[in-house]
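Residue numbers count from 1 along this sequence.
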Amino acid sequence: MTYTPPKILSFEEFITEHGDNTRYELIDGELRDMEPTGPHEAVAGNIAGRIYVEIFHSKFNWIVPKTCLIKPPAAEATALRPDVIVLDKEQLAGEPLWQKEPIICNGNTIKLVAEVVSTNWQDDYARKVEEYAFLNITEYWIVDFRGLGGLQFIGNPKRPTFTVCQLVDGVYEQHQYRLGEVISSYLLPNLRMKLDDIMPS
C-alpha cells in the first residue's frame, strides 16, 4: 500500500479551482473540506442573523457578507473561509482584491469572525486562534454546538460550548459559555444571546 501525499495548492490555484465552492478552504497548501451539514449551516445562519440585528440597531457601518475568504498576508498558501465574518465598510476601499472577488487581505477590515466547529475542530481551536490573532481581529467566536473540541479546549465532560476570544495585547483572552449562560461580547455590548438561542432545531 502506497501513501499518496495530498496535493499542495497555491493560493491562486485554490481560487481558480475552488474559490466559489464554500465547502473548502486552504491551510498551508492543503485543501480542507469544511464538511458543512444542515445543522452546521443553521447555526451559522442564526449567528449571522443575530449579529446583523445588532449592527442595524447600533447603526454600525459594518456588513456581514454571505461568503468571504481571508488571505493572511504572512501565509502564502492559505485561504480561510469563516462561517460568519463582519467587515468594516470604511476599510473595504483599501482591500486590493475586494472589487473583483470577496477576498480580504487586511486584518483591520475584519471586526469579528465566527467559526462553527465541525469534525476538523483542531483548525478552529488552534490554527485559526493564532492566525486571527496575528491579523489583529478584535473578536473571534468558536461555536462548538455539538461539543466536539478536545478536552483541553472545552473540558470534561464535553458539552456544547461557545468561546469568545477577545484580543488583548496581541493574544486572545478566552471566555467560555455553556447552555443557559448569557454570552458577553466586547464588540456588541448590547447583544443578549445564549448558546440555546442559536442551536439547530
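Criterion: ILVMFWY side-chain heavy atoms under 4.5 Å apart, direct or through other members. Under it, Ile70 and Leu167 are part of a common hydrophobic cluster. Under the 4.5 Å side-chain heavy-atom criterion for Ile, Leu, Val, Met, Phe, Trp and Tyr, Val182 and Leu191 are members of distinct hydrophobic clusters. Note on Val84: it does not cluster hydrophobically with Leu148, by side-chain heavy-atom contacts below 4.5 Å among ILVMFWY residues. A continuous path of Ile, Leu, Val, Met, Phe, Trp and Tyr side chains, each step under 4.5 Å between heavy atoms, connects Leu9 with Ile103, placing both in one hydrophobic cluster. Transitive grouping of hydrophobic side chains (ILVMFWY, heavy atoms separated by less than 4.5 Å) keeps Met34 and Tyr24 in distinct clusters.
A heavy-atom distance below 4.5 Å is not found between the side chains of Pro72 and Phe134. Using a 4.5 Å heavy-atom threshold, the side chains of Pro96 and Asn106 count as touching. Here the side chains of Val164 and Ser184 are not in contact, with every heavy-atom distance at 4.5 Å or above. Pro73 is listed as a side-chain neighbour of Leu135, based on a closest heavy-atom distance under 4.5 Å. Counting heavy atoms from C-beta on, the side chains of Ile104 and Leu92 come closer than 4.5 Å. Between Ile198 and Val143, the closest side-chain pair of non-hydrogen atoms falls below 4.5 Å. Considering only heavy atoms from C-beta on, Leu69 stays 4.5 Å or farther from Leu80 through its side chain. Counting only heavy atoms from C-beta outward, the side chains of Val64 and Ile85 never approach each other to under 4.5 Å.
The minimum heavy-atom distance linking Ile8 with Glu13 is given by the pair O-OE1, 4.0 Å. Residues Arg146 and Ser118 come closest through the heavy atom pair NH2-CA, 3.8 Å. Listed here is the closest heavy atom pair of Gln122 and Thr119: OE1-O, 3.9 Å. Of all heavy-atom pairs between Tyr125 and Thr163, the closest is CE2-OG1, 4.4 Å. A pairwise comparison of heavy atoms in Trp98 and Cys68 identifies CZ3-SG, 4.2 Å as the closest pair. Scanning both residues, Cys105 and Leu97, for their nearest heavy atoms gives SG-CD1, 3.8 Å.
Here the side chain of Asp88 pairs a donor or acceptor atom with the backbone of Glu90 at under 3.5 angstrom. Counting only distance, with no hydrogens or angles, the side chain of Asp144 and the backbone of Val117 share no donor-acceptor pair below 3.5 Å. A distance-only check finds no donor-acceptor pair linking the side chain of Glu41 to the backbone of Gly38 [under 3.5 Å]. Counting only distance, with no hydrogens or angles, the side chain of Glu139 and the backbone of Tyr186 share a donor-acceptor pair below 3.5 Å. Side chain of Asn120 to backbone of Asp123: no donor-acceptor contact under 3.5 angstrom is found. With hydrogens and angles ignored, the 3.5 Å screen pairs no side-chain donor or acceptor of Gln174 with any backbone N or O of Cys165. Glu25 places a side-chain N or O within 3.5 Å of a backbone atom of Arg81 that can act as its donor or acceptor partner. Between the side chain of Lys194 and the main chain of Ile183, no donor-acceptor pair closer than 3.5 Å is present. Within the 3.5 Å criterion, the main-chain N or O of Val116 finds a donor-acceptor partner in the side chain of His40.
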Working note: Thr109 + Glu95, criterion side-chain hydrogen bond (donor to acceptor under 3.5 Å, both in side chains); need CA distance, chi angles, decisive distance, verdict. CA-CA 8 Å; Thr109 305; Glu95 285 293 338; 2.6 Å; yes
Working note: Leu112 + Ile110, criterion side-chain contact (heavy atoms from CB on, under 4.5 Å); need CA distance, chi angles, decisive distance, verdict. CA-CA 6 Å; Leu112 180 150; Ile110 305 166; 5.9 Å; no
When you look at Trp141 and Ile47, which way does the side-chain contact (heavy atoms from CB on, under 4.5 Å) test go after all the steps? CA-CA 10 Å; Trp141 296 355; Ile47 293 166; 3.9 Å; yes
Report the C-alpha separation of Glu54 and Ser185 in whole Å, then their side-chain angles, then the decisive distance to 0.1 Å, and conclude whether the side-chain contact (heavy atoms from CB on, under 4.5 Å) test is met. CA-CA 11 Å; Glu54 289 303 311; Ser185 165; over 6 Å; no
Assess whether side-chain contact (heavy atoms from CB on, under 4.5 Å) is satisfied between Val86 and Ile55, documenting all intermediate values. CA-CA 10 Å; Val86 180; Ile55 291 171; 4.0 Å; yes
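Between the CG atom in Leu195 and the OG1 atom in Thr161 there is a gap of 7.5 Å [rounded to 0.5 Å]. Between Arg159 atom CZ and Gln176 atom CD the span is 9.0 Å, to the nearest 0.5 Å. For the atom pair Trp62 CH2 and Leu87 CG, the distance stands at 11.0 Å (nearest 0.5 Å). The distance from atom CZ of Phe162 to atom CG of Leu179, rounded to the nearest 0.5 Å, is 12.0 Å. Rounded to the nearest 0.5 Å, atoms CG (Asp33) and CD (Glu30) are 13.0 Å apart. Taken from CD1 in Ile142 to CG in Asp83, the straight-line distance is 11.5 Å, to the nearest 0.5 Å.
Both cation-pi conditions hold for Lys71 and Phe11: the charged atom is under 6.0 angstrom from the six-membered ring centre and inside a 45 degree cone around its axis.
Salt-bridge check for Lys128 with Asp124: passed, with a basic side-chain N closer than 4.0 Å to an acidic carboxylate O. Ion pairing between Asp28 and Arg127 holds under the 4.0 Å rule for side-chain N and carboxylate O.
Using bins of under 30°, 30° to 60° and over 60° for the plane-to-plane angle, the ring pair Tyr172/Tyr140 lands in the tilted bin.
Around CD of Glu181, the count of heavy atoms belonging to other residues, nucleotides or ligands within 6.0 Å exceeds 12. With a 6.0 Å radius and a threshold of 12 heavy atoms from other residues, nucleotides or ligands, Asn108 has its CG atom above the threshold. Within 6.0 Å of CD in Gln99 there are 12 or fewer heavy atoms belonging to other residues, nucleotides or ligands.
Residues Glu115 and Tyr132 have side chains that bring a donor and an acceptor to within less than 3.5 angstrom of each other.
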